[in-house]
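Okay, structure first, notes after.
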Amino acid sequence: MVRLKTRLKKELLSRLGDAFPLPVSEIEVAYPPQQSLGDLSFTFPFKLAKLRQTNPRQVAQEFLPYFSGLGGVERAEVAGPGYINLYLDRKAFFRQQLESLDTPSLQPEEEKIIIEHTNINPNKAAHIGHLRNACLGDTLGRCLKYKGEQVEIQNYIDDTGVQVVDVVFGLMELEKKTLTDLENIKDKLDYYFWDLYARTSAYLASHPEAEVRKAEILKKIEHGQDPEAALGFAISRRILRAHLQTMKRIDVTYDLLPCESSILGLKFWEKAFALLKDRGAISVADKGPNAGCWVMRLEEEEDKEKVIVRSDGTVTYVGKDIAYQLWKFGLLGKDFFYQPFIEEDGRTIWITTTSPKKVPVSFGRATKVYNVIDSRQAYLQKIVVQGLKSLDYFEQAAKSIHFSYEMVALSPKSLKELAYEVSDEEKDKSFLEVSGRKGLGVKADDLLDRLEEKALAEVETRNPDLPAEAKLAIARQIACGALRYFMLKFARNSLIVFDFEEALNFEGETGPYLQYSAVRLNSIFRKLEDKAGFGPRELEFLLSEKNMLLEALPEAEKRDFWDLVFYASQFEESVLHSILSLEFSHLAKFAFNLCQKMNAYYHLYSILGEENRDRKEMRIRTIFYVREILKKTLFLMGIPLPEKM
RNA sequence: GCGCCUGUAGCUCAGUGGAUAGAGCGACGGACUCCGGAUCCGUAGGUCGCAGGUUCGACCCCUGUCAGGCGCGCCA
């Protein structure tokens, strides 16, 4: 469809020549609200009429002749108050669509794109908020790759910050445990620390004197002194592995894990600091509450200053982030060292390190960067971009995209289910923020477990004869599909108030519905082969046959056929739209609508049982086309396609 | 106080300035001796928070206003 629209515009423009006084961008190709009004719709007569102060319908009439005989267009007519509507040559259109299934029409625009997502502090288990982040980031990556872009996925690991310090404190001071004790904890370590982190936070809040010990731990971790440093390292690495394991369950993976320890160890900040100082981008505040700090000012808010370096000389989180962002664009003049962290399924996840290693990989040097971070961090992201601007990297600043999304919160009902004790001030709220510090949240693995369990029960009743292993594999795919669709179906600015019942639903607008639709399509093809001997070879032959008898279909069916096929053909447009608006709920809606149309279609028109050969062949082409589009859409959303359901 | 976001059916949410505002859930009523009922079809349900403005045309843009959320740390 993207291809057709561009071609039509181009053809039209060359015909119009100077007769058309408006810029090309004003030629908008839309879709009429009903099939009976045509397939494509031009609205420029309205704009032109305004310019000329005449009647839009008159303008439309005047330009109508230019539309006759356009390639692939059957006829054009003026409709309503001044639209020019096109009716496509359906047979030619469908044939073209079938032929170009394997050749995407989207074009890459960047040399290299980095997406940073997930970024879970390695001191506790992943929760539903992290799942939303990972699903959005991963889907963006899949879509950009489909578009032809070179994409690198990074998951930033803050392995030295105060959050890790907190759990080291908890382990040493509250639990009185050593490194050996830690190694003897064989259970899920991320779960263990979920509880310990919450307990430690509560303890620290009520024991201010503990701050001294905390500061000591932080210092020792930063300077690599044991046992604190070794403990911090052991904890963060093991929890990181647990996180990667969790993300693998929803088919999310990474290319590189940049660590804060590397940024500190390799003195990235010192380099960035020198650059910023040279440019005068940051300055020492000589008075006010920030006296003695290096601060940066925001362009729009002159009165506000953000501390980058504290009065004790240590750098804040934003400072490190500016250095990291500079590195992503290859502007820092320094690089990490790398080593493999996990090697499986034929691919390697790399991690940064401070010790020189010879490796056959390189990272960074992107021309565009997406940071998938929730909307609460908008202010900080703005400062990072400001850092680039103040170094005169305007192009990179413009291509530093904060992929912002709203958080996942908990409904009162789910609080009850989690047996969370609500404090008085929390009582009146209609939802509560997930908080690792409070130990309040739905752990990612718990949710996935419950989804799997429910899916497995369904599979047991529907496919009791399958081997246990196959049932489990299917249940996992369904759980993944359910979760990913759930995280994608909401617009990113929509706050998700998490509710178990809603998230565990497999009916209606859900991932399993999409999977089921695709599975049913596959099942029809399987039956075609088993019962009618219509296998891959016959299918290939049918598709290569140029002559399709669209006219063999009755009028009503022709309309339904076209409605389905024409909608499916808008797939790439939907992908592009999602990328441009960073709104993957569009893609989710597209998939859902496509399935609805598809399900209604095959309900109405039998494929296996159809006696008339021409009709049967048209229907096979149709469901084949839709299946292929659906498969692509599911893949881009990271929703697996089970064999059976 | 300032900044950003949100307000659409009972609930949860979609909705490129374009033609009659749509889904799902829930409710109610149905579906072929059937290509799998995780499906399909139908019914009910709307002053698109409110008030102005711009426009040939506004859920969409602008202004104001009300309500809710989130930011505005020498935390990350």
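Proteins come first, then strands; the chains are lettered A, B, ... in the order of their sequence lines, and each starts at number 1. All values below were derived from every heavy atom in this structure, side-chain atoms included, with hydrogens, water molecules and symmetry-related copies excluded.
When both pairing distances are held under 3.5 Å, B:A67 makes a Watson-Crick or G-U pair with B:U6. Under the Watson-Crick or G-U wobble criterion, with both distances below 3.5 Å, B:A44 has no partner in any strand shown. In this structure, B:G52 forms a base pair with B:C62, meeting either the Watson-Crick or the G-U wobble geometry with both donor-acceptor distances under 3.5 Å. Checking B:U16 for Watson-Crick or G-U wobble geometry (two distances, each under 3.5 Å) identifies no partner in any strand.
A:L218 places its CG atom 12 Å from the C1' atom of B:A76, with the value rounded to the nearest Å. The distance from atom CD of A:E77 to atom P of B:A19 is 17 Å, rounded to the nearest whole Å. Atom CG in A:N371 sits roughly 15 Å away from atom C1' in B:A76 (whole-Å rounding). In this entry the distance linking CD of A:E406 with C1' of B:G71 reads 11 Å, nearest Å. A straight line from NZ of A:K644 to C1' of B:A38 spans 16 Å, rounded to a whole angstrom. In this structure, A:N599 places its CG atom 14 Å from C1' of B:G24, rounding to the nearest Å. Straight-line distance from the CG atom of A:L594 to the C1' atom of B:A23: 15 Å, rounded to whole Å. Distance, A:R520 CZ to B:A38 C1': 10 Å, rounded to whole Å.
Relative to the ring axis of A:Y405, A:R132 does not place its NZ or CZ within 45° and under 6.0 Å from the centre. Figure legend: A:K124 and A:F193 shown without cation-pi pairing, the cationic atom not lying both under 6.0 angstrom from the six-membered ring centre and within 45 degrees of its axis. Note that A:K454 lies in the cation-pi zone of A:F506, set by a 6.0 Å cut-off to the ring centre and a 45° limit from the axis.
The nucleotide whose nearest atom lies closest to any side-chain atom of A:H603 is, among B:A23, B:A31, B:C74, B:A31. Of the candidate nucleotides B:C70, B:A23, B:A19, B:A23 has the atom lying nearest to any side-chain atom of A:F592. Of the candidate nucleotides B:G36, B:G71, B:C25, B:G36 has the atom nearest to the side chain of A:Y516. Set against B:C40, B:A38, B:C74, the side chain of A:A600 has B:C40 as its closest nucleotide. Distances from the side chain of A:Q596 to the nucleotides B:G37, B:C40, B:C74 place B:C40 closest. Here B:G71 is the nucleotide among B:G71, B:C74, B:A38 with the atom lying nearest to any side-chain atom of A:R376.
When heavy atoms are screened at a 4.0 angstrom cut-off, A:V519 is found touching base atoms of the nucleic acid. As judged by a 4.0 angstrom heavy-atom cut-off over every strand, A:R526 is placed among residues making no nucleic acid contact. Within 4.0 Å of A:L604, counting heavy atoms only, lies no atom of the nucleic acid at all.
Close to B:G17, at under 4.0 Å from its OP1 or OP2, lies no side-chain N or O of A:K47. Checking the phosphate oxygens (OP1, OP2) of B:C2, no side-chain nitrogen or oxygen of A:Y379 falls inside 4.0 Å. An OP1 or OP2 oxygen of B:C75 is reached within less than 4.0 angstrom by a side-chain nitrogen or oxygen of A:R310.
Of the P atoms belonging to B:U47 and B:C11, the separation is 12 Å, rounded to the nearest Å. B:A38 and B:G26 have their P atoms separated by 15 Å, with the value rounded to a whole Å. Remark: the separation of the P atoms in B:G45 and B:A23 is 15 Å, to the nearest Å. B:U20 and B:C59: their C1' atoms are spaced 15 Å apart (whole Å). B:U63 sits 15 Å from B:C2 when the P atoms are compared, rounded to a whole Å. On the C1' atoms, B:G24 is 26 Å away from B:A19, given to the nearest whole Å. Spacing of C1' atoms, B:A9 relative to B:G46, comes out at 6 Å, to the nearest Å. The separation of B:G68 from B:C28, taken at their C1' atoms, amounts to 34 Å, rounded to a whole angstrom.
Other residues, nucleotides and ligands contribute over 12 non-hydrogen atoms within 6.0 Å of the CD atom of A:E538.
Here the side chain of A:R450 pairs no donor or acceptor atom with the backbone of A:L504 at under 3.5 angstrom. In this structure a side-chain-to-backbone donor-acceptor pair under 3.5 Å is missing from A:E222 to A:T160.
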Yes or no on side-chain contact (heavy atoms from CB on, under 4.5 Å) for A:L257 and A:Y156, after CA distance, side-chain angles and deciding distance? CA-CA 6 Å; A:L257 310 168; A:Y156 180 73; over 6 Å; no
Check step by step if side-chain contact (heavy atoms from CB on, under 4.5 Å) holds for A:H586 and A:S581. CA-CA 9 Å; A:H586 286 311; A:S581 57; 3.6 Å; yes
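In this structure, the side chains of A:K438 and A:E426 come closer than 4.5 Å at one or more pairs of heavy atoms.
Heavy-atom nearest nucleotides on RNA chain B were determined for A:N85 and for A:E509, and the one closer to the 5' end corresponds to A:N85. Annotation: of the two residues near RNA chain B, A:T510 and A:V162, the 5′-most nearest-nucleotide partner is A:T510.
Between A:F46 and B:G57, no base-stacking contact is recorded for ring centres under 5.5 Å apart and planes less than 30° from parallel.
Using bins of under 30°, 30° to 60° and over 60° for the plane-to-plane angle, the ring pair A:F273/A:W269 lands in the parallel bin.
Looking only at atom types and distance, the side chain of A:S494 has no donor-acceptor partner in the side chain of A:E406 under 3.5 Å away.
Here the options are A:N599, A:L594, A:L634, the test is side chain to side chain contact (heavy atoms under 4.5 Å, CB included), and the partner is A:S517; only A:N599 passes. Of the candidates A:P122, A:S261, A:S236, A:P122 is the only one forming a side chain to side chain contact (heavy atoms under 4.5 Å, CB included) with A:I157.
A heavy atom lying under 4.0 Å from RNA chain B marks the following residues of residues 31-43 of chain A, by number: A:Y31, A:P32, A:P33, A:Q34, A:S41, A:T43.
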If you restrict it to nitrogen or oxygen atoms, what contacts under 3.5 Å exist between nucleotides 12-15 of chain B and the protein, and what is each distance?
from  : atom 1 : to     : atom 2 : distance (Å)
B:U12 : O2'    : A:E502 : OE2    : 3.1
B:C13 : OP1    : A:L495 : O      : 3.1
B:A14 : OP1    : A:A491 : N      : 2.7

